[in-house]
Amino acid sequence: MLRVRGLGSSVRRGAGVWTGPAVSLRRMIDPRLLTDEPETTAAALARRGVDADALVRLRDLDTARRGAIAALDAARAEQKAASKAIGQRPPEEREAAIAEAAVLKERVATLEAARDAAEAAHRDAFARIPNLPHPDAPDGDEGDGVVVRTVGERPALDGEPHDHVALLEGADALDLARGAKVSGSRFAYLKGEGALLELALVRYAVDVAQAHGHVPVVPPVLVREPAMYGTGFLPTDEQQLFATRDDELYLVGTSEVPLAGMHMDEVLDPSELPLRYAGISPCFRREAGAHGKDTRGIFRVHQFEKVELFSLVAPDDGDAEHERILATQLAILEGLGLHARVVDIPVGDLGASAARKFDVEAWIPSQGAYREVTSCSDTTDYQARRLRIRMRVDGGDNTLVHTLNGTALAVQRTIIALVEQHQRADGSVAVPDALVPHLGREVLFAR
RNA sequence: GGAGGCUUCGCCUAGUCUGGUCUAUGGCGCGGGAUUGCUAAUCCCGUUGGGGGCCUGUCCCCCUCGAGGGUUCAAAUCCCUCAGCCUCCGCCA
């Protein structure tokens, strides 16, 4: 049970450029779990394919690491005492004392190297361990997801549905050819009603997010390495990132990165939690390895606009916040009159940082399939550990917060679902009521 | 892009020139206590964060003065690199 104290906010400043050991920030679970709860930890990680022997080796590395630290600390204490004594002696006695202390210096250097080696070995081993899965997340691998909920009705369309490319290009709201000419494949122009639709969707999603307690934020979309490492996109997903050539900056693939990074190296006061943000930003993804997938239209593009929900909460509030984020996402889709289903993602298909994830898949009439339009993840303390985002605890040790993220609205994919589900026989699209005030019209692409 | 100044444990601040007595000064704020008594005052104690140890204690040790590295028996203090903030100039939306 956490007791809270009502202090003002405290923000550690002056972190400066991040030059620390990059690898130590990679995927990390709490090392103490291995000594305090070895059995439950092993059982939980076994679900994700981590074998028990690896955990035993990990625990041994931790023991070795702590031993090396203790040995170094003891030697350093001795050396410090010797140095201090020199300053208090008369000058004529100093020469001999300095010679003695010089030996201690050597020993400290040796033990320091041993400590560094032990920590590196420990760190590298821990880097391969994914987050503990949530007990309620289903077993299995990709494809074993469990449909837990459905919203809206599958639309009854007359005849063969047009796909989004036909609908949008037919109304001169999308220009793929010129996108490719100027920037290459997977780039597009939204123009006319297409551009207005983006603005309306963003504004609508921000309004709903705000009503659910999320503060709108326009974040930086170029970030430095620490934010990428801290959120887990580096080094694992490096091939997915666009980077700038001369400035050591990365373009974000989601505003989750700058939103999570915002509180890096801070100790938050419990009274300011939960912190809820709605990031509004373009997102940039290289889509390496997706050659040939979703090549038609704007389902999978290198640049898209997204409103992202992000929450920082006290550890005990993670489950409730996950539900809350999902509810907000569904409210946004329902307001748009869209039919979609929620899939509880199996542990074998989770990213390293997620303990549990729900994908929300909208019905795409032209494909006769449900396709992912949003998702939300509970990353428990995994990102917080790497970003060092903590919460003050009265009468105890400060503790890591939990972070959660979910898509409020990904513009391009939502446009696809919206124009396809609400299309009419003549190629026009009925605008859902909730969007009318933001769009200023009831019908799109009218002939 | 150019020139200069700055960065100390919540906030402000002393210390840096001249390395050791810095176990970092003082004020504010905050927490606890005492006393006097009454819209309050005074005094005392505590108050950065991280890590390690065992004799698990009002305990001990290590690291932390923007970050990283170096010199030295010894670094807040000397040297190098980087970051951030401020002022002025240039450029720009």
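Values reported hereafter were calculated over all heavy atoms of this structure, with side chains retained and with hydrogens, waters and symmetry mates removed. Just so it is clear: chains get the letters A, B, ... in the order the sequence lines come, proteins before strands, and each one is counted from 1.
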Would you list the protein and nucleotides 91-93 of chain B atom pairs, both N or O, that sit under 3.5 Å from each other?
none

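- The side-chain contact (heavy atoms from CB on, under 4.5 Å) check on A:Asp317 picks up A:Val313, A:Ala314, with sequence neighbours excluded.
- With sequence neighbours excluded, the residues forming a ring-ring contact (aromatic ring centres under 6.0 Å, His included) with A:His322 are A:Phe358, listed by chain and number.
- Evaluation of atom-type donor-acceptor distances gives no pair under 3.5 Å for the side chain of A:Asn398 against the base of B:rG50.
- If you take CG of A:Asp116 and P of B:rC62, they are 18 Å apart, rounded to a whole angstrom.
- When the C1' atom of B:rG10 is taken as reference, atom CG of A:Leu268 falls 14 Å away, rounded to whole Å.
- Pairing for B:rC38 is absent, judged as Watson-Crick or G-U wobble with the two contacts each under 3.5 Å.
- Between the P atom of B:rG51 and the CZ atom of A:Arg76 lies a distance of 16 Å, rounded to the nearest Å.
- Following rounding to the nearest Å, A:Met264 (CE) and B:rA83 (P) show an atom-to-atom distance of 16 Å.
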Just the table, please: protein N/O against nucleotides 70-73 of chain B N/O, every pair under 3.5 Å.
residue	atom	partner	partner atom	Å
B:rC73	O2'	A:Ser83	OG	2.8

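- Positionally, the nearest nucleotide of RNA chain B for A:Ala85 lies more toward the 5' end than for the other of A:Ala85 and A:Ala77.
- The separation of B:rG20 from B:rG68, taken at their P atoms, amounts to 23 Å, rounded to a whole angstrom.
- With the nearest nucleotide of RNA chain B identified for both A:Glu78 and A:Arg65, A:Arg65 has the one nearer the 5' end.
- B:rG29: Watson-Crick or G-U partner is B:rU47, with both key distances under 3.5 Å.
- Regarding A:Asp265, its CG atom lies at a distance of 15 Å from the C1' atom of B:rG68, rounded to whole Å.
- Comment: A:Arg388 engages A:Asp265 in a salt bridge, judged by a side-chain N to carboxylate O separation of less than 4.0 angstrom.
- Residues satisfying the salt bridge (charged side-chain N to carboxylate O under 4.0 Å, His left out) test with A:Arg413, not counting sequence neighbours, are none.
- Ion pairing between A:Asp349 and A:Lys357 fails under the 4.0 Å rule for side-chain N and carboxylate O.
- Here A:Ala42 pairs with A:Leu55 under the side-chain contact (heavy atoms from CB on, under 4.5 Å) rule; sequence neighbours left out.
- A gap of 22 Å separates the C1' atoms of B:rG33 and B:rG10, to the nearest Å.
- For the pair A:His134 and A:Asp319, the minimum side-chain heavy-atom distance is below 4.5 Å.
- Checked against side chain to side chain donor-acceptor pair (under 3.5 Å), A:Ser311 has the following partners two or more places apart in sequence or in another chain: A:Glu321.
- With sequence neighbours excluded, the residues satisfying side chain to side chain donor-acceptor pair (under 3.5 Å) with A:His438 are A:Asp207.
- Taking the P atoms as reference points, B:rA40 lies 50 Å from B:rC89, given to the whole Å.
- B:rA24 and B:rC60: their P atoms are spaced 15 Å apart (whole Å).
- The partner of B:rC6, taking Watson-Crick or G-U wobble pairs whose two distances both stay under 3.5 Å, is B:rG84.
- The separation of B:rG57 from B:rA76, taken at their C1' atoms, amounts to 32 Å, rounded to a whole angstrom.
- Note on A:Arg115: every side-chain N or O is 4.0 Å or more away from OP1 and OP2 of B:rC62.
- Spacing between atom CG of A:Leu400 and atom P of B:rG50 amounts to 10 Å, rounded to whole angstrom units.
- Comparing B:rC85 with B:rC30, their P atoms are spaced 31 Å from each other, to the whole Å.
- At B:rA67, none of the side-chain N or O atoms of A:Arg224 fall inside 4.0 Å of OP1 or OP2 (strictly under the cut-off).
- Taking a 6.0 Å sphere around CD of A:Gln210, one finds it holds more than 12 heavy atoms contributed by other residues, nucleotides or ligands.
- Applying the ring-ring contact (aromatic ring centres under 6.0 Å, His included) criterion to A:Tyr277, with sequence neighbours excluded, gives A:His263.
- Residue A:Arg66 places at least one side-chain N or O under 4.0 Å from the OP1 or OP2 atom of B:rG53.
- Separation of the P atoms belonging to B:rG50 and B:rU36 is 40 Å when rounded to the nearest angstrom.
- One finds a side-chain N or O of A:Lys80 lying less than 4.0 angstrom from the OP1 or OP2 phosphate oxygen of B:rC63.
- B:rC43 sits 8 Å from B:rU35 when the C1' atoms are compared, rounded to a whole Å.
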